[in-house]
Q: 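Before we start, here is the structure in question, set down as structure tokens.
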Amino acid sequence: MKPIIQELSDLFVTAFHDAGFDGKYGDVVISQRRELCHFQCNGALSAAKVYKLNPNDIATKVISSVKPNLIISNTSIAGAGFINIVIKDEVLVEYLQFMNSDDRLGISLDLFPKKIIIDYGGPNVAKPLHVGHIRSAILGEALKRLSRFLGHDVIGDIHLGDWGLQMGMIIASLQQQSPDLPYFDESFNGEYPEESPVSITDLQEIYSNASKDAKTNIEKLSEARKATFELQDGRVGYRALWKKIVDISITDMKANYSLLDVEFDLWKGESDSHEFIPQLLNYLQINNYTYKSEGASVIDIREDQDKHELPPFMLIKSDGSILYSTTDLSTIWERIKEYDPDEIWYVVDKRQEIHFTQLFRAARKTKIASNTLHLEHIAFGTMNGLDGRPYKTRDGSVMRLNDFIQSIIDKAYNRIIEVGVAKDFSVNEKREISQMVGVSALKFADLLSHRLKDYIFDIDKFTEFEGKTGPYLLYTTVRIKSIIRKAIENEIDFTCFQVPKSFIERELMLKLMELDDVLNQAFKYKEPNQICEYIYTLSLLFNSFYHEHHILSETDNSQRESWLCLSRLTEKILVTCLDICGIRTPERM
RNA sequence: GGUUCCGUAGCUCAGUUGGAUAGAGCAACAGCCUUCUAAGCUGUGGGUCGCGCGUUCGAGUCGCGCCGGGAUCACCA
């Protein structure tokens with residue numbers, strides 16, 4: 001069954017066409033003035049400009065051309081030439097009935113499913129996950145789930161930073177610290193120890209010091225560069241040590257990401273594309289795509305219509321080692337060879353915009369990426385502290401992701417105790433609930449703000465459990481679940497909707513019906529905040545409805561049945577949308 | 001300096017991609033728990049959409065110019 005808005009659009013596209021105008025003006029949208037109508041078509045106004053006619057005349061013609069149908073109850077012209085559409089309650093009910101009976105809530109699978117690789121997360125090995133990593137993880141996860149729900153074949157890849165200069169820094173500084181380790185003995189040819197020479201905590205400390213040193217000490221920086229080159233060049237001991245470092249980092253990351261319910265299909269990294277680099281370089285060379293500039297090997301990516309100078313795409317540094325741009329290009333090469341995707345999305349901070357512009361141009365110009373491969377940088381805003389600078393704890397260090405999440409979960413736990421509804425819950429259940437509530441607060445707050453906007457990281461914002469928050473959504477969902485549970489316990493059957501009896505009931509019904517539009521818009525613009533806004537409004541409406549109509553004590557059985565259906569459908573939509581946002585819902589809280 | 005993003009209620013943000021009377025949350029104030037979860041609901045106050053000009057029947061949304069803020073501009077990622 002087609003969404004009502006689609007049916008109406010079809011009718012008006014035809015009507016515009018039959019009245020002698022371009023059908024494109026027939027798009028119908030949800031009304032912003034609900035007290036006047038349910039839907040509106042503003043095409044007559046835009047058409048008036050092009051056809052140089054009075055919009056009212058166009059609207060009149062169009063309305064009289066609308067084919068007879070069973071959907072519309074009334075159309076009228078308002079204001080300058082708006083076509084206001086009121087639909088029949090029976091149609092609304094029929095559509096909701098369909099949504100409620102369908103596993104996919106009436107959302108059809110995309111007719112042209114795409115194979116999409118989403119590159120998100122992107123943490124660096126040895127560098128602790130901190131609050132700056134949450135946006136990519138949360139946004140990428142939501143986009144992955146949304147695309148998948150709409151029928152696309154999606155592969156989520158964490159794309160670890162495991163191959164750049166930071167690895168050289170760690171190896172060089174470890175070598176200085178413990179030169180006796182077998183990894184540094186070039187004549188060593190035995191088995192390297194099973195145990196990692198460093199713990200994750202050591203590693204993070206080494207990284208932090210090494211990174212400071214490299215910034216101030218030129219000698220250390222050149223040692224790090226040398227180690228990077230030798231690692232990439234295949235020095236056996238370095239490779240073995242590197243493997244250990246990567247492994248313990250991954251273990252630590254998995255724990256962090258699983259706390260956030262972020263799951264990657266692939267745990268690939270920059271290093272995985274390394275084996276493709278020789279063929280990539282060879283390909284670029286024989287086709288004359290590269291040239292030497294200031295000792296480095298680069299690809300020219302300028303285009304005639306450029307308004308400003310773009311730096312060339314760096315392929316090999318003057319010291320002979322490769323860098324992130326090289327691995328990014330060879331990763332495209334690798335992904336095409338291994339997965340042949342239709343699209344590759346990069347969910348990365350918007351500060352890297354120039355890099356991706358260069359990368360995409362380089363890939364196209366060298367014909368590595370064909371014109372049919374869609375490459376997109378899904379940029380998001382920078383996260384700042386209250387002072388407009390990166391978020392810091394009181395002692396000045398960046399807050400660890402794990403500590404941060406844990407503190408939110410603790411607050412959620414305290415809230416459960418404070419509210420006192422969970423007195424008879426086991427400690428375990430209380431813990432599970434506080435995790436879900438805490439994570440919902442964090443994820444909802446993150447997804448709610450438009451991805452392109454910078455945002456101020458305010459810890460209070462994430463520990464807010466009232467108002468427009470994740471916990472409010474969970475609370476509403478749980479409240480509905482409780483009603484449904486009681487109905488089932490009392491063996492009340494409910495399958496049929498009735499036409500709405502009150503304004504609030506109709507509002508709720510119309511909102512439920514918007515789901516299809518919301519999900520498709522969110523997908524089109526890669527904006528999960530649209531889903532958040534939608535389920536929040538839906539919850540507001542449901543809660544109003546809940547307070548106005550007492551469902552279980554309703555004496556008219558068919559009325560009670562209808563309200564239970566309405567509740568059930570609201571619940572399903574909330575759970576589904578929350579799941580798309582990567583948020584789990586408890587049974588009670 | 002070039003490029004680019006942002007500026008909406010006291011604070012944090014939406015705003016259906018040009019539509020009718022700009023909406024939420026927090027904060028403030030006044031109400032609602034012997035009926036389905038009060039992490040809730042109802043109501044009140046709060047706006048020069050940074051400023052100006054332009055395009056248009058219509059501009060928070062598009063264009064230009066200012067003012068203010070951020071990001072970025074090849075061997076880091």
Side-chain angles (χ1 to χ4, degrees), chain A residues 29-33 36 40 42 45-46 48-49 54-55 78-82 84 122 124 127 161 164-166 211 214-215 221 225 270 293-298 307-319 321-325 327-328 348-355 358 379 381-382 384 388 412 415-416 418-419 421-422 437 445 448-450 452-456 458 460-461 464-469 471-472 474-476 478-487 514 517-518 521 525 529-530 532-533 536-537 540 543-544 546-554 567 588-589:
Chain A
V29 295
I30 291 150
S31 170
Q32 298 171 65
R33 300 279 307 268
L36 298 177
Q40 58 186 99
N42 304 330
L45 290 156
S46 1
K49 196 181 298 184
N54 183 319
F82 299 97
N84 288 351
N124 282 336
K127 201 169 169 180
L165 185 65
Q166 84 273 12
S211 140
K215 272 181 199 144
L221 180 63
R225 285 189 167 143
E270 294 173 340
S293 170
E294 297 170 34
S297 183
V298 300
K307 280 181 286 185
H308 58 280
E309 194 84 4
L310 257 180
F313 184 79
M314 179 81 46
L315 204 60
I316 302 171
K317 298 195 282 183
S318 46
D319 70 357
S321 58
I322 57 161
L323 66 166
Y324 71 113
S325 47
T327 54
D328 272 355
V348 179
D349 189 308
K350 71 179 178 190
R351 284 176 295 186
Q352 294 194 37
E353 195 188 326
I354 293 181
H355 166 64
Q358 291 179 292
T382 322
N384 298 319
R415 184 56 180 257
I416 288 177
E418 185 188 310
V419 169
V421 284
V437 170
L448 185 61
S449 64
H450 189 102
L452 278 168
K453 270 197 168 175
D454 288 349
Y455 83 29
I456 291 167
D458 178 357
D460 295 336
K461 178 167 122 186
E464 191 60 58
F465 300 138
E466 283 161 23
K468 198 172 188 176
T469 64
Y472 175 76
L474 296 192
Y475 182 78
T476 307
V478 158
R479 173 181 258 175
I480 302 172
K481 282 181 187 237
S482 170
I483 297 169
I484 302 290
R485 214 164 27 232
K486 288 207 163 78
E514 284 180 29
D517 200 45
V518 170
Q521 290 287 319
Y525 298 104
N529 69 308
Q530 295 200 27
C532 295
E533 292 286 350
Y536 175 68
T537 312
L540 279 180
N543 280 317
S544 298
Y546 170 92
H547 283 276
E548 199 167 308
H549 302 290
H550 200 274
I551 300 165
L552 289 174
S553 65
E554 171 60 40
S567 305
R588 54 180 193 168
M589 63 189 267

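By convention in this document, chain letters (A, B, ...) are assigned in the order of the sequence lines, proteins followed by strands, and residues within each chain are numbered from 1.
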Q: Can you tell me, in whole Å, how much space there is between the P of B/A39 and that of B/G45?
A: 27 Å
Q: Say we look at B/U55 and B/C13: how far apart would their C1' atoms be, to the nearest angstrom?
A: 30 Å
Q: Please confirm whether any donor atom in the side chain of A/Arg588 sits under 3.5 Å from an acceptor in the base of B/U37, or the reverse.
A: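 No, the side chain and the base share no sub-3.5 Å donor-acceptor pair.
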Q: Just by distance, do the side chain of A/Glu466 and the backbone of A/Tyr472 share a donor-acceptor pair under 3.5 Å?
A: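 Absent.
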Q: Does B/U44 count as syn, meaning its glycosidic angle lies within 90° of 0, or as anti?
A: anti
Q: With distance as the sole test, does A/Glu353 use its side chain to make a donor-acceptor pair with the main-chain N or O of A/Ala379 at under 3.5 Å?
A: no
Q: Measuring only the P atom in each nucleotide, how far is B/G63 from B/U4? A whole number of Å is fine.
A: 11 Å
Q: In whole angstrom, give me the gap between the C1' atoms of B/C11 and B/C5.
A: 22 Å
Q: Suppose you measure atom C1' in B/G46 against the same atom in B/A22; what distance do you get, rounded to whole Å?
A: 14 Å
Q: Got a donor-acceptor pair under 3.5 Å from the side chain of A/Glu294 to the base of B/A74?
A: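 Counting by modelled atom types and ignoring angles, a donor-acceptor contact under 3.5 Å is found here.
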Q: Is the base of B/C33 syn or anti, where syn means the angle lies within 90° of 0?
A: syn
Q: Spell out, as yes or no, whether a donor-acceptor pair under 3.5 Å connects the side chain of A/Ser482 to the backbone of A/Val478.
A: no
Q: May I ask you to verify if any side-chain N or O of A/Arg351 is less than 4.0 angstrom from the OP1 or OP2 atom of B/C5?
A: no
Q: If you measure from the ring centre of A/His547 to the centre of the six-membered ring in the base of B/U42, is it under 5.5 Å, with the planes under 30° apart?
A: no
Q: Using atom OH of A/Tyr546 as one end and atom P of B/U42 as the other, report the distance to the nearest whole Å.
A: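 Going from A/Tyr546 (OH) to B/U42 (P), I get 13 Å.
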Q: Which comes earlier along RNA chain B counting from the 5' end, the contact point of A/Asn543 or that of A/His550, where each point is its nearest nucleotide?
A: A/His550
Q: Nearest whole angstrom, please: distance from the P of B/U37 to the CZ of A/Arg485.
A: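 Distance, rounded to whole Å: 9 Å.
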Q: Side chain of A/Met589, heavy atoms from C-beta onward: which of B/G25, B/A39, B/A77 has the nearest atom to it?
A: B/A39
Q: Has the side chain of A/Gln358 got a donor or acceptor atom that lies under 3.5 Å from a matching backbone atom of A/Met314?
A: no
Q: Looking only at side chains, do A/Asn543 and A/Thr476 share a donor and an acceptor under 3.5 Å apart?
A: yes
Q: Hey, is the side chain of A/Thr382 poking within less than 4.0 Å of OP1 or OP2 on B/A71, counting only N and O atoms?
A: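 Looking at the OP1 and OP2 atoms of B/A71, neither is under 4.0 Å from any side-chain N or O of A/Thr382.
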Q: Are A/Tyr472 and B/C26 close enough that a side-chain N or O sits under 4.0 Å from OP1 or OP2?
A: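 The answer is no; no side-chain N or O of A/Tyr472 sits under 4.0 Å from OP1 or OP2.
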Q: Taking atom P in both B/A27 and B/G23, compute the distance separating them and give it to the nearest angstrom.
A: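 These two P atoms come out 22 Å apart once rounded.
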Q: Any chance you could measure A/His549, atom NE2, to A/Glu554, atom CD, to the nearest 0.5 Å?
A: 9.0 Å
Q: Rounded to the nearest Å, what distance is computed from the CG atom of residue A/Leu540 to the P atom of nucleotide B/C41?
A: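 Atom-to-atom, A/Leu540 to B/C41, this comes out as 6 Å.
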Q: B/A74 base to A/Ser293 side chain: any donor-acceptor pair below 3.5 Å?
A: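 Under the 3.5 Å cut-off, the side chain and the base do form a donor-acceptor pair.
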Q: Say we look at B/C49 and B/C66: how far apart would their P atoms be, to the nearest angstrom?
A: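 Roughly 22 Å separates the two P atoms.
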Q: Could you work out the separation of B/U17 and B/G47 based on their P atoms and round it to a whole Å?
A: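 So the two P atoms sit 27 Å from each other.
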Q: Base, sugar-phosphate, or nothing: which does A/Gln352 touch, judged by heavy atoms less than 4.0 Å apart?
A: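 It contacts base atoms.
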Q: Can you say whether a donor on the side chain of A/Tyr324 sits under 3.5 Å from an acceptor on the base of B/A77, or the other way round?
A: yes
Q: Under a 4.5 Å cut-off applied to non-hydrogen side-chain atoms, are A/Lys453 and A/Lys350 in contact?
A: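 No. Closest side-chain heavy atoms not under 4.5 Å.
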Q: Which comes earlier along RNA chain B counting from the 5' end, the contact point of A/Asp319 or that of A/Ile416, where each point is its nearest nucleotide?
A: A/Ile416
Q: Between B/A20, B/U37, B/G40, spot the one nearest the side chain of A/Asn84, thanks.
A: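 Selected nucleotide: B/A20.
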Q: Quick one: list whatever passes side-chain contact (heavy atoms from CB on, under 4.5 Å) with A/Tyr546, sequence neighbours left out.
A: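 Only A/Arg479, A/Ile483, A/Phe542 meet the side-chain contact (heavy atoms from CB on, under 4.5 Å) criterion with A/Tyr546.
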Q: Looking at every strand, decide which applies to A/Ala78 at a 4.0 Å heavy-atom threshold: base, sugar-phosphate, or nothing.
A: base
Q: Mind checking side-chain hydrogen bond (donor to acceptor under 3.5 Å, both in side chains) for A/Arg485 and listing every partner two or more places apart, or none if nothing turns up?
A: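 Partners of A/Arg485 by the side-chain hydrogen bond (donor to acceptor under 3.5 Å, both in side chains) criterion come out as none, since no residue qualifies.
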Q: Is a donor on one side and an acceptor on the other found under 3.5 Å between the side chain of A/Asp454 and the backbone of A/Thr382?
A: yes
Q: Counting only side-chain heavy atoms from C-beta out, which of B/A74, B/A39, B/U37 sits nearest to A/Val437?
A: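 Selected nucleotide: B/A39.
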Q: Using both distances under 3.5 Å as the test, list the Watson-Crick or G-U wobble partner of B/C62, or none.
A: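 B/C62 is paired, partner B/G54.
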Q: Quick one: which of B/U37, B/A74, B/A77 gets closest to the side chain of A/Gln166?
A: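 Nucleotide nearest to A/Gln166's side chain: B/A77.
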Q: How does protein contact run along nucleotides 10-19 of chain B, one letter per nucleotide 5' to 3', with B for base contact, S for sugar-phosphate only, - for none, heavy atoms under 4.0 Å?
A: ----SSBBBB
Q: For A/Leu165, answer base if it contacts any base atom (sugar-phosphate contacts may also be present), sugar-phosphate if it contacts only those atoms, and nothing otherwise; contact means non-hydrogen atoms under 4.0 Å.
A: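 Sugar-phosphate only.
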